[in-house]
Student: 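First, the structure itself, so that you have it in front of you.
Just so it is clear, the structure is predicted and the values come from calculations on it, not from any experiment.
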Amino acid sequence: MEALDADAIRATVSSPPISGSAVADRLAKALGTPNVIGEKANVTAFVVRQFVDRGLLADLSANLDGTLHHAGQVAEAGQRQDLADLVAADTLLGPGAGHLATRPPMKRRRITTGR
């Protein structure tokens, strides 16, 4: 296997890759609800990772601690008609509430002991 030449790769990419948090900021802005520093984010890096898992964005990084993305691909994702639905589907409901999105509500049944 040939070694990859980093300079050759950089020459073929029109712009440097952007971080997952920057992608989240761009998607939030595309939705008209920009992320504001010091406030709860409207779109998070978790959502970006879910987009990668769905195949909507490619991760250009081999680093497990963060992701890097192609700016052009992010711009295309930001123009999707179903962007709001995709972000909503991948947004956690809050601390301890994430299970509510996947687990159906339980029916309460009265248990009788036969006495």
Student: What is the distance from atom CG of Asn63 to atom OG of Ser19, rounded to the nearest 0.5 Å?
Tutor: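 Output value for this atom pair is 11.5 Å.
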Student: If you define the side chain from C-beta out and look only at heavy atoms, does anything of Val48 sit under 4.5 Å from Leu57?
Tutor: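 Result yes, sub-4.5 Å side-chain heavy-atom pair found.
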Student: Given Val43, which of Leu31, Leu83, Val23 fulfils the side-chain contact (heavy atoms from CB on, under 4.5 Å) condition?
Tutor: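 Answer after filtering Leu31, Leu83, Val23: Leu31.
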Student: Does some side-chain heavy atom of Phe51 sit less than 4.5 Å from a side-chain heavy atom of Leu27?
Tutor: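 They are in contact (side-chain heavy atoms under 4.5 Å apart), so the answer is yes.
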Student: Please list, chain by chain and in numerical order, all residues satisfying side-chain contact (heavy atoms from CB on, under 4.5 Å) with Arg26, sequence neighbours excluded.
Tutor: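 side-chain contact (heavy atoms from CB on, under 4.5 Å) list for Arg26, sorted by chain: Ile18, Ala71, Val74.
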Student: Which pairs count as salt bridge (Lys or Arg N to Asp or Glu O under 4.0 Å) when at least one residue sits in residues 75-86, sequence neighbours excluded?
Tutor: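 The answer is Arg80-Asp82.
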Student: For residues 41-62, pull every pair meeting side chain to side chain donor-acceptor pair (under 3.5 Å), keeping only residues two or more places apart or in separate chains.
Tutor: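 Sorted result for residues 41-62: Arg54-Asp90.
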Student: Run the side-chain contact (heavy atoms from CB on, under 4.5 Å) check on Lys40 and Asn35 step by step: do they pass?
Tutor: CA-CA 8 Å; Lys40 182 179 175 186; Asn35 289 339; over 6 Å; no
